[in-house]
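Let me begin by presenting the structure, written as structure tokens, before commenting on it.
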Amino acid sequence: MNIILNEYEWADRMLTEKRMDSGMYKTLLLVAKKYYVDGYNSTQVTKLLTQFMVECGKNPNIQREYAIMESAVKRAKKYPCIRLDGIPITKPELDTIDSIEQPTLRRVALAMLCDAKYWDYAKGIDAHWTVSSDRDIVKMANVSARFASQCSMYAELRDLGLIEFAKKVDNVNVRVLFMQPGETAFTVTDFRNIGYQYLQRFGGSYYVCENCGVLNKNLNANKKGRPRKYCPECATFLHSNWREILKNPDKFGEFKTLA
Amino acid sequence: MSIDKAKGIIAKPMPREWYDVHSLKSIEDEETRKLYSSIIACKKPYFMQYIYPSLAKQYLQYTKNANKNCMREFGIQIPELMRIPEEERTERQSEFLFFYNERIPVGDHACVMNKICHRFEEEFDGFIRARTKEIEFDYTIMKSGAEYLTNQFKAVSSLYSEYSQRVKDIALATKLDKTDDDELTLALDRLKEAFCNKLSLICPDPNVLCEILLDVCYTKGSTKRFVWDMCSDQIIHNLFINAGRCIHFPTRDEEGDISYRGDNFSIRELRVEDTEV
């Protein structure tokens, strides 16, 4: 699950660029949330979403696609539109993370902290529970680990007293225990590659993709040549569609098809 | 009970306390409550997960999550934890196992049906996986050897991705809309028809189209549904031609070497001439 910090801005961009980047349901949900924030009622939102679907090449007259839209409209009303510029990490929190011996554990702890802070904000409570799956957390932390190592990482963090597990045997959420108030030391502005954002503080070669804005590690840092401009996904897309992009520069704009 | 009602049989409804935990809690007399709680039938038996897919899903999700928690807490999986003798388990381990058994969505007691179910599971555990590893499937037996253009291949490939996405969307919409299976089948049929038309525009020759679709679907690890949805007749025809226009089928034969459900069968060969196809 890809967490979007500023849902309003993201939906606005989808509307302007007439795209459905996060799948049909999620895009419609976020666009519907934006419309509700703008003061439209359910009927108006349904009409506007129908229009948006047509612009994106979907057919809202098909019962299936209409059902997806209807569900998105209903659900959007229940949940607020998240508008965050970044997740602030305070100095005591960062000190706690820095004090962990294993570097991979530090990144996982940071990813958990960010996730817990995001859901605290989204739900309007101060419970400090993470909701994303451990697979997503580890992915956000830029750590590659199999099931057994993921579990041992969680166990180590629990032993360090930084997290606690749920009491229910089938509840896999964890509670972050090291959330502390204080001066902001570092802000996470993007939930993709939180691990790299943390590592960037210690130097190393990183680049921001000019298309999707994701921070990536420069794997060819020691090699001579032009620095990388696009992340591997955007570069692959550009490589396979460059003819179409050159033919229709208006359609692709600044080549923002993957963001 | 609902089946009896549909038949017109007047059936006396079961007391809710017999199968509902919340109703059971409302019983005031402590002794009755204890007795009822020891014999309450609030869970479907284990084997029923093969009858109700939603129950199977619930059970799998529960075991997966509980296993994950067990690995995090004790560094071992639940079956290993169960193998530890009771007196050697720590307090937390015993507590974990107690709640695991309490909250499990199916009743896995040693009744005859559950025993049969477990026996089947043991017998077929990894059966298909082992067979697929043994035999590497050569999809070229379904091909006719027709040639096609790269442009056609690319166009069909993009339609394949679109089709897979649309099937996923339909499945999601069905889940959200809670529509029945008939409507789902109808929607899939409509989608199939629409894509058949699109494909015939890209490649009007069904023989060539089948060739492209086989290459698109069978070179990837993903679903092969698209090719079978679009040109199953052509595949059967190609198989028939590649087998030298012969059909092999089992027939009942007392001296046959294949035994099935108490009867013996042997494989017969039938050559079909052009005019009969």
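Lettering of chains follows the sequences in order, A, B, ..., and the numbering in each one begins at 1. In this text, all values refer to a predicted model and were calculated from it rather than measured experimentally.
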Within 6.0 Å of CZ in B:R92, more than 12 heavy atoms from elsewhere: yes
A:V169 side chain reached by B:Y62 side chain, heavy atoms, under 4.5 Å: yes
A:K167 side, atom NZ; B:F99 side, atom CZ - distance, nearest 0.5 Å: 10.5 Å
B:M71 side chain near A:Y154 side chain, heavy-atom distance below 4.5 Å: no
B:W18 atom CH2, neighbour heavy-atom count above 12 within 6.0 Å: no
More than 12 heavy atoms of other groups within 6.0 Å of B:F120 CZ: no
From B:N65 atom CG to A:N171 atom CG, the distance as rounded to the nearest 0.5 Å: 8.0 Å
OH/A:Y40: more than 12 non-hydrogen atoms of other groups inside 6.0 Å: no
Distance (rounded to the nearest 0.5 Å) between B:K68 NZ and A:D134 CG: 3.5 Å
Over 12 non-hydrogen atoms of neighbours within 6.0 angstrom of CD in B:E147: no
Between CZ on residue B:R72 and CD on residue A:Q150, distance to nearest 0.5 Å: 8.5 Å
B:Y36, OH atom: more than 12 neighbouring heavy atoms under 6.0 Å: no
Interatomic spacing from CG in A:N173 to CG in B:N69 - rounded to 0.5 Å: 9.5 Å
Crowding at NZ, A:K139 (>12 non-hydrogen neighbours, <6.0 Å): no
Under 4.5 Å from any heavy atom of chain A - which part of B:Q77: side chain
Contact summary for B:E73 and A:R158, nearest pair of heavy atoms: O-NH2, 3.6 Å
